[in-house]
Undergrad: 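One structure coming up, written as structure tokens, with questions to follow.
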Protein chains: 2
Amino acid sequence: MLTERQLLILQVIIDDFIQNAQPVGSRAISKKDEVSFSSATIRNEMADLEEMGFLQKTHSSSGRIPSEKGYRFYVDHLMAPFRLSKQELEKIKNTFQEHLMEYEKVVQKSAEVLSDLTNYTSIILGPEVYETRLKQLQIIPLSSHSAVAILVTNTGHVQHRSFSIPVDIDSSDLETTVNILNERLNGVPLVQLNEKMQTEIIDLLRKHTKNFRNAYEYIRAALMDDQPVKLYVGGKTNIMNQPEFKDIDKIRSLFSVIEEENQIAPILRKNADGIKVSIGHENELEAMRDCSLITATYSLGDEQVGTIALLGPTRMEYSKVISLLNVLSGQMNKTFQSWYETK
Amino acid sequence: MLTERQLLILQVIIDDFIQNAQPVGSRAISKKDEVSFSSATIRNEMADLEEMGFLQKTHSSSGRIPSEKGYRFYVDHLMAPFRLSKQELEKIKNTFQEHLMEYEKVVQKSAEVLSDLTNYTSIILGPEVYETRLKQLQIIPLSSHSAVAILVTNTGHVQHRSFSIPVDIDSSDLETTVNILNERLNGVPLVQLNEKMQTEIIDLLRKHTKNFRNAYEYIRAALMDDQPVKLYVGGKTNIMNQPEFKDIDKIRSLFSVIEEENQIAPILRKNADGIKVSIGHENELEAMRDCSLITATYSLGDEQVGTIALLGPTRMEYSKVISLLNVLSGQMNKTFQSWYETK
DNA sequence: ATTTAGCACTCGTCTCACTTGAGTGCTAAC
DNA sequence: GTTAGCACTCAAGTGAGACGAGTGCTAAAT
């Protein structure tokens, strides 16, 4: 167990290091107001803390820096709650002021605000589109041999796909198909769409259209194989501001992670409610081994959940970031709830 | 005027430097097969070429590197045409094989292929959406107090906007308005939409709807103030592979340029037909002062024009890039023409 | 009149020894 | 238990020397 004094010293060291990114020496600590014992005493305590794995040295005669275990302890037990400034709260509020009624835009703006207020990189994962429900399906002909299929969900999400119409498809068949689909599939979650089509609609279509298989397949293909996991990223270049990332190779590998949706998306997706902090090697991805990722969730309406995350060095302002994510996800929830209340 | 020998030497130097990114010395040149004179002779010629401004030294006793004037001369007069390899041509073709009928996707793929084949960063500016013509307008209600407005163009481009419906708007008014707009505005270029609405449609609307001003304003606002200059970027991290960009500050400022659509878009937009090469300080933007930007145009249907560009260091494989852009823009033209032929 | 060989000179880069300073660990005194 | 004192460590900075790639110039060769 740690003594009071050790707790204090650990906290001071981590706070200082988060601020200055420099190893913290015993003399520097002894000068702080909240510390009243001599540097020698502190040295002894630091040696103990190091032995316990909370601190480490960059070289044998350097000051201490927090280890990942140290950060973990800090986040779990030590960290003082952060009071966001008036301006910061104001900035967040403003994001939700202009009420454009599209979650895409709100999310994009949120990502920008987050990265702006933190100097880290924000990543927001859009909500699971497949949990949303079909509102309307439409085929709009563009020319004699092409058309665009549009799918609208209850959240106002629009998904579309152009396709060319083979000669053996009758345009009235297409129309009939769409009508039937609209009638029968309204309110069905996108994720069940395929299944429902296969089981319930096919017979109906067979009855009412000449060449049902073709028209049906075309509409299905046009709308189904999209993979709409949208990622919104803000402040990509902020990564480069952090002194721990002055190495180009590190930046490059981090960028690859951020740009590749299928690398980062599953990691963000699998978070339960609340705020989760992943420090250094707690992250799955090799490229993030000296980063911390802090995630929170938000929900759109009743069912669909998205994730907000901030990516920074392990030397992160955990306290501030967590406060920010709390406030922001709360705002998002409130806003979206008011749009999509299902009562 | 330059002598034959000077031309040869200049070409050899630039070719070599483009390959190796190292200052080229007289001895290295004299060893090349196509060069038959001694290093001393070459030194003399190099001194002359430097005096004329085509070459420069990194320090007083270093080999020569091309100046911007040197690159300019190379591009205009010296450069040997590049023969693309079978595999490269194959890769480009494959991009257009799977015929997804959406220019957005084709353009995105093209950007990826370009950056992939060059190790530079590709930037493609989407076509001027406003030159496309309105195909259909739709309002799809989401709930009692919200709806999504969808606009489809003749190119299959879909633009949408959710909005909340104020209580004083009658839903039948909305419907009537949309019907009238569709009837009257089909085929009108988006850029004229606003004007046409103001002049021709307003009277009609006044006649047929109770509270025309509101419904009309809402639809207008919902669809108009989007700014759909889409930028497709491929191979962002390629920038970091170039040895001239091992400085983080340079990378950061370049990234800012690439990410900020309104910085780079106007520059790309203002290109005439054909291929244009901007070397170093010929670029307007400060951040691009040691880059070259090579742009080409493509057209979608008959009127709308977009731009493909490659961004790399001034030490760029001009010859290869120009060949690639030629082939790719040709392919894009061909593909899009077949989709949107207006006969 | 060119072209070339030869040589002195320049400058960046690498290495090595040396210094400095921040910081530690340990011991002995308080 | 706490602190002062001191020897020790190591990173980072500095300056001298060696090296090598490359130049410019001059004088000889073609």
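Chain letters run A, B, ... following the sequence lines, proteins first and then strands; every chain starts at 1.
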Undergrad: Rounded to whole angstroms, how far apart are CD on Glu50(B) and C1' on dG24(D)?
TA: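 Glu50(B) atom CD is separated from dG24(D) atom C1' by 11 Å.
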
Undergrad: With respect to the phosphate group of dT2(D), does any side-chain polar atom (N or O) of Thr41(A) fall under 4.0 Å of OP1 or OP2?
TA: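 False: Thr41(A) side-chain N/O out of range (4.0 Å or more) of dT2(D) OP1/OP2.
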
Undergrad: Looking at Glu244(A) and Lys250(A), does any basic side-chain N land under 4.0 Å from a carboxylate oxygen?
TA: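 So Glu244(A) does not pair with Lys250(A) through a salt bridge.
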
Undergrad: In terms of side-chain geometry, is the basic nitrogen of Lys270(B) or Glu284(B) positioned less than 4.0 Å from the acidic oxygen of its partner?
TA: yes

Undergrad: What about Phe245(B) and Phe255(B), are their ring centers closer than 6.0 Å?
TA: no

Undergrad: When the nearest nucleotide of DNA chain C is assigned to His59(B) and to Phe37(B) on a heavy-atom basis, which residue is associated with the more 5' position?
TA: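 Looking at DNA chain C, the more 5' nearest nucleotide goes with Phe37(B).
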
Undergrad: If you count every heavy atom of other residues, nucleotides or ligands that lies below 6.0 Å from Arg269(B) atom CZ, does the total exceed 12?
TA: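 Yes - once you tally the heavy atoms of other residues, nucleotides and ligands closer than 6.0 Å, there are more than 12.
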
Undergrad: What nucleotide among dG24(D), dT10(C), dT4(C) has an atom nearest to a side-chain atom of Ser60(B)?
TA: dT10(C)

Undergrad: Assess whether one donor atom and one acceptor atom, taken from the side chain of Ser61(B) and the base of dT23(D), lie less than 3.5 Å apart.
TA: no

Undergrad: Indicate whether OP1 or OP2 belonging to dA11(D) is found under 4.0 Å from a side-chain N or O atom of Thr58(A).
TA: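 Result: no.
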
Undergrad: Take the protein atom CD1 of Ile65(B) and the nucleotide atom C1' of dG12(C), then report the distance between them rounded to whole Å.
TA: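 Answer to the nearest Å: 15 Å.
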
Undergrad: How many Å lie between CG on Asn44(A) and P on dT3(D), as a whole number?
TA: 10 Å

Undergrad: Using whole Å, report how far CZ of Arg5(B) lies from C1' of dT2(C).
TA: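 Spelled out: CZ on Arg5(B) to C1' on dT2(C) is 8 Å.
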
Undergrad: Please give, in whole Å, the distance from dG22(D) C1' to Leu55(B) CG?
TA: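 For the pair Leu55(B) CG and dG22(D) C1', the rounded distance is 14 Å.
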
Undergrad: Using whole Å, report how far CG of Asp16(A) lies from P of dG23(C).
TA: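 These atoms are roughly 10 Å apart.
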
Undergrad: Does dG24(D) have its OP1 or OP2 closer than 4.0 Å to a side-chain nitrogen or oxygen of Lys57(B)?
TA: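 Checking dG24(D) against Lys57(B), a side-chain N or O does come within under 4.0 Å of OP1 or OP2.
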
Undergrad: Is any side-chain N or O of Ser38(B) closer than 4.0 Å to OP1 or OP2 of dT4(C)?
TA: yes

Undergrad: Mind calculating the distance between CG (Asn20(B)) and P (dG22(D)) to the nearest angstrom?
TA: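 Value for this atom pair: 12 Å.
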
Undergrad: Is a donor-acceptor contact shorter than 3.5 angstrom present between the side chain of Arg64(B) and the base of dG24(D)?
TA: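 When only heavy-atom distances are counted, Arg64(B) does not reach the base of dG24(D) through any donor-acceptor pair under 3.5 Å.
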
Undergrad: Do Tyr74(B) and Phe54(B) have their ring centres less than 6.0 Å from each other?
TA: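 Centroid separation for Tyr74(B) and Phe54(B): 6.0 Å or greater.
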
Undergrad: Can you identify which nucleotide, out of dG6(C), dA4(D), dT24(C), has its nearest atom closest to the Arg43(B) side chain?
TA: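 My answer, after comparing the listed nucleotides, is dG6(C).
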
Undergrad: Rounded to the nearest Å, what distance is computed from the CD1 atom of residue Ile42(B) to the C1' atom of nucleotide dG6(C)?
TA: 17 Å

Undergrad: Less than 3.5 Å between a donor and an acceptor, one on the side chain of Arg27(A) and one on the base of dG21(C), is that the case here?
TA: no

